[in-house]
2 protein chains.
Amino acid sequence: MENPINTSVEIQDAPCRANCSENLSAVEDAIYVIGGKWKLKIIIVLQELGNVRFNELQRMISGISAKVLSNELKDLELNGFVKRVVHAEQTPVVVEYISTDYSRTLKTVIMSLSEWGRKHKSNIREDVFENTSVR
Amino acid sequence: MENPINTSVEIQDAPCRANCSENLSAVEDAIYVIGGKWKLKIIIVLQELGNVRFNELQRMISGISAKVLSNELKDLELNGFVKRVVHAEQTPVVVEYISTDYSRTLKTVIMSLSEWGRKHKSNIREDVFENTSVR
DNA sequence: CGGGATCCGCTCAGATACTG
DNA sequence: CAGTATCTGAGCGGATCCCG
């Protein structure tokens, strides 16, 4: 009788709402793992540049602190998006991060997001000129 | 000499990094307006159900508090994703929120995210069975 | 019903310093 | 270089009360 997932809605008028909460929970799951300000940006850098070292990564992603970057990388590694490679031969130790095959499944997500972001930016500009309330 | 946007990177080895930071800033802009735990979920509900009232919205999106929902709706209204419609005739007042045309430009973003979320969920399940460290 | 105002705890992120 | 440790403050979100 009770669905373990989403017991809250779909009680009364099922069809539309079931479909809705289907999307809802799927998007929720996605946001849960790749949400936040940094995760997708880290993934993008690793995908486009290949092997990247910690400090280089921090320089590429402006505004992120070492602590936060460190935590984000751990998260991403746990979820299988990045791989941590340690070259212990040398001193000081060199550590590189690389994107996994799994992170490549995010390609379409990243593309749709960046395309939308580009369009949105130009729309904003138009708004500034149209909108007379800015004065 | 200096680009007003993203002055940080692309100083040395330009071509790859310029492309990279292009995507980076676009995704950053997108995340800035539709990021967070709630915004996309609110947009999805409004797109799928049409007019939705405040309390109904809160019931649909499990876990959100009235204050947070209120703030998110203001944000979304400012950015042109939702429209607030007040029916002042009746008492108590009825307020409905509807999604705008502009929020429909997010269709592909939402679809790619929800599709990815679905796949990810099934991948997680496989991991649980494969992974002997869970015991 | 649809919120706003207030208080308040608690996490998170920044800054700084330190280590192998 | 690649982080960790510690402290600290802002802010987010919860709970409660209140209003039109």
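Chain naming here is simple, since letters A, B, ... match the order of the sequence lines and numbering starts at 1 in each. Below, all heavy atoms of this structure are taken into account, side chains as well, without hydrogens, waters or symmetry copies.
Note on B:R84: a side-chain N or O is less than 4.0 Å away from OP1 or OP2 of C:dG3. For the pair B:R59 and C:dC1, the criterion of a side-chain N or O lying under 4.0 Å from OP1 or OP2 is not met. OP1 and OP2 of D:dC1 both lie 4.0 Å or more from every side-chain N or O belonging to A:Y97. Taking side-chain N and O atoms only, A:R53 has no distance below 4.0 Å to OP1 or OP2 of D:dC1.
Note: CD (B:E72) to P (C:dG2) measures 18 Å, nearest angstrom. The distance between atom CD1 of A:I42 and atom P of D:dG3, rounded to the nearest whole Å, is 12 Å. When rounded to the nearest whole Å, the span between CG of A:L73 and P of D:dG3 equals 7 Å. Distance A:F54 CZ to D:dG3 P: 5 Å, rounded to the nearest Å. One atom, CD of A:Q58, and another, C1' of D:dG3, lie 10 Å apart when rounded to the nearest Å. For the pair B:N55 CG and C:dG4 P, the computed distance is 13 Å after rounding to whole Å. For the pair B:L57 CG and C:dG3 P, the computed distance is 10 Å after rounding to whole Å. Between the NZ atom of B:K39 and the C1' atom of D:dC12 there is a distance of 12 Å, rounded to whole Å.
For residues 71-84 of chain A, every residue pair satisfying the side-chain hydrogen bond (donor to acceptor under 3.5 Å, both in side chains) rule, not counting sequence neighbours, is listed here: A:K39-A:E72, A:R84-A:Y97. Residue pairs meeting the ring-ring contact (aromatic ring centres under 6.0 Å, His included) criterion with at least one partner in residues 29-70 of chain B, sequence neighbours excluded, are absent.
With D:dA2, C:dG4, C:dG3 as the candidates, the nucleotide lying closest to the side chain of A:V94 is D:dA2. Distance from the side chain of A:S70 is smallest for D:dT4 among the nucleotides C:dG4, D:dA2, D:dT4. Side-chain atoms of B:K74 lie closest to C:dG4 of the nucleotides C:dG4, D:dG3, C:dG3.
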Scoring nucleotides 5-20 of chain C by protein non-hydrogen atoms under 4.0 Å (B base, S sugar-phosphate only, - none) yields -B------BB------
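In this structure, the side chain to side chain contact (heavy atoms under 4.5 Å, CB included) partners of B:S65, at least two apart in sequence or on a different chain, are B:K67, B:V68. Residues passing the side chain to side chain donor-acceptor pair (under 3.5 Å) test with B:N55, sequence neighbours excluded: none. With sequence neighbours left out, the salt bridge (charged side-chain N to carboxylate O under 4.0 Å, His left out) criterion links B:R104 to B:D101.
Under 4.0 Å is where a charged nitrogen must lie from a carboxylate oxygen, and between A:E28 and B:K37 no such pair does.
With side-chain heavy atoms closer than 4.5 Å counting as contact, directly or through intermediates, the hydrophobic cluster containing B:I98 also holds B:V85. Cluster note: A:M111 groups with no other residue, as no ILVMFWY side-chain heavy atom lies under 4.5 Å from it.
Side chain of A:S112 to main chain of A:T108: a donor-acceptor pair is present (N/O by atom type, distance under 3.5 Å, no hydrogens or angles).
Each end of the helix from C:dC1-D:dG20 to C:dG20-D:dC1 gets its own rotation axis from five pairs of C1' atoms, and the angle between them is 50° to the nearest 10 degrees.
Under the 4.5 Å side-chain criterion, counting only non-hydrogen atoms from C-beta, A:E115 is not in contact with B:V109.
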